[in-house]
2 protein chains.
Amino acid sequence: MTLVDEAVSISEAAEQTGLSTHTLRYYEREGLMLGGVGRASSTHRRYTGLDIQWVQFLTKLRSTAMPIARVREYVDFVRQGDSSFAARLALLEAHRVSVVAQLDEMTNSLAAIDFKIATYRKGI
Amino acid sequence: MTLVDEAVSISEAAEQTGLSTHTLRYYEREGLMLGGVGRASSTHRRYTGLDIQWVQFLTKLRSTAMPIARVREYVDFVRQGDSSFAARLALLEAHRVSVVAQLDEMTNSLAAIDFKIATYRKGI
DNA sequence: CTAGAACTTAGAGTGCACTCGAAGTCAAAC
DNA sequence: GTTTGACTTCGAGTGCACTCTAAGTTCTAG
C-alpha cells in the first residue's frame, strides 16, 4: 500500500474533516484547495493526507471567521511559492489580531451572560 | 429634566449601541425589544436607558452567535413575567454551554494559526 | 412660516456560505 | 455483465441577518 493508495474518496474526506461532500466540492470550486484535488483513474476525487490536513487548517480559519475570499487570497499566495512567505505571514498575523479581538469580545459577552444567570439564580 | 426626557432618538440610540438605525428598527420589527419602544409626542421612537441596556445585552447574545429566533424566545419568556424565570435561566445556561464551546474551538484554532505563524517566522 | 434634516413605513435587495436538485457517469459486488 | 449506490457537474435554491429604497411625515432652527 503506497501513499498514493491512501488517498480517500470524497465521502471519507467528509467524514475525516466533519464537512459535507457538498461543502468539500464547494470549497474546491471556490479555489480553496491548495493544489487541485487529484482524480482516481477516472473523474472521482481522491483526497491525500495533505489535502485533508489543509482542509482541517482551512476549517480553523473559517471557524475563526475568516471569509472565504480571504482564504482564497492565502491560497493564491501559497500557489505563488516561496516568494510569498512574507505576504502569508502578514495575512495570518492580521487574522490573528482579529481572532484575539473576537476571543476578547466573546469572553466579555460570556461575563455578561454569567452575570445575568447569577441574577436569575438569586431570584429563584 | 426627568427620566422620561432622557429617552433618546433612534440615531442617538444607534450611536450608543454601535448598531445602525436600520438594525434597531429591524430588531424591533422582529419582536426583539422587551416592551415595545416608546414614541415621542408623535411617531418617532424614543429609547429609554432600559431600552439601550437591553440592546446592549442583546448585542452580547448576538455576538456569541445566538440566532435571532432564540433571542426572540428569550424575549417572549421575559414578556410572560416572573413565571418564566426558570425557562430564561435554562435558555441562558444552554447558551452558556455553546459560548464556552465556541471559545474552546476558537482558542484551539488560534493555537493552530500561531503554530503556522511560527513556522513562517522560522522559514524567513 | 419655511427649509432642510431626521424621522416614518413596507417591502425589496444584498451578501455570504453553504445546500440541494437534476441528470447523467462510474465502480464494486454479485 | 448487470445492478446499486456513490460519484460527477452545473446551476439554482436556501437561510440568515441585515441593509437599503422610496415615498411620505415630522421636527427644529432660523
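These numbers come from a predicted model, not from an experiment. Every chain is numbered from 1, with letters handed out A, B, ... down the list of sequences.
Taking 4.0 Å as the cutoff to heavy atoms of chain B, we find the contact window on DNA chain D bounded by dA17(D) to dC27(D).
For the atom pair CG (Asp114(A)) and CD (Glu93(B)), the distance works out to 9.5 Å, reported to the nearest 0.5 Å. Here Gln16(B) contributes atom CD and Ile52(B) contributes atom CD1; the two are 4.5 Å apart, rounded to the nearest 0.5 Å. Annotation: the span from Asn108(A) atom CG to Lys60(B) atom NZ amounts to 4.5 Å, rounded to 0.5 Å.
DNA chain D lies under 4.0 Å from no heavy atom of any residue of residues 66-75 of chain A. Using a 4.0 Å cutoff on non-hydrogen atoms, no part of residues 94-106 of chain A comes near DNA chain D. A heavy atom lying under 4.0 Å from DNA chain D marks the following residues of residues 24-33 of chain B, by number: Tyr26(B), Tyr27(B), Arg29(B).
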One pair to check against side-chain hydrogen bond (donor to acceptor under 3.5 Å, both in side chains): Gln102(B) and Ser98(B). What are the steps and the verdict?
CA-CA 6 Å; Gln102(B) 288 176 69; Ser98(B) 123; 3.3 Å; yes
Given side-chain hydrogen bond (donor to acceptor under 3.5 Å, both in side chains), test His95(A) with Thr64(A) step by step and report yes or no.
CA-CA 9 Å; His95(A) 183 58; Thr64(A) 49; 2.8 Å; yes
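The aromatic rings of Tyr120(A) and Tyr74(B) sit perpendicular, their planes meeting at an angle over 60°, well past the 30° parallel limit.
Using a 4.0 Å heavy-atom cutoff across all strands shown, Thr21(A) reaches no nucleic acid atom at all.
Of the two residues near DNA chain C, Ser11(B) and His22(A), the one whose nearest nucleotide lies more 5' is Ser11(B). Nearest-nucleotide positions on DNA chain D place Ser20(B) closer to the 5' end than the other of Ser20(B) and His44(B).
Sequence neighbours left out, the pairs with a member in residues 45-59 of chain A that pass salt bridge (charged side-chain N to carboxylate O under 4.0 Å, His left out) are Glu28(A)-Arg45(A). Residues in residues 77-87 of chain A take part in these side chain to side chain donor-acceptor pair (under 3.5 Å) pairs, two or more places apart or across chains: Ser84(A)-Arg88(A).
Panel note: side chain Arg96(B), backbone Val100(B); no donor-acceptor pair is recorded below 3.5 Å.
One atom, CD1 of Ile10(B), and another, C1' of dT9(C), lie 12 Å apart when rounded to the nearest Å.
Heavy-atom neighbours of Arg70(A) CZ from other residues, nucleotides or ligands within 6.0 Å: at or below the threshold of 12.
Distances shorter than 4.0 Å separate some side-chain N or O of Arg39(B) from OP1 or OP2 on dT9(C).
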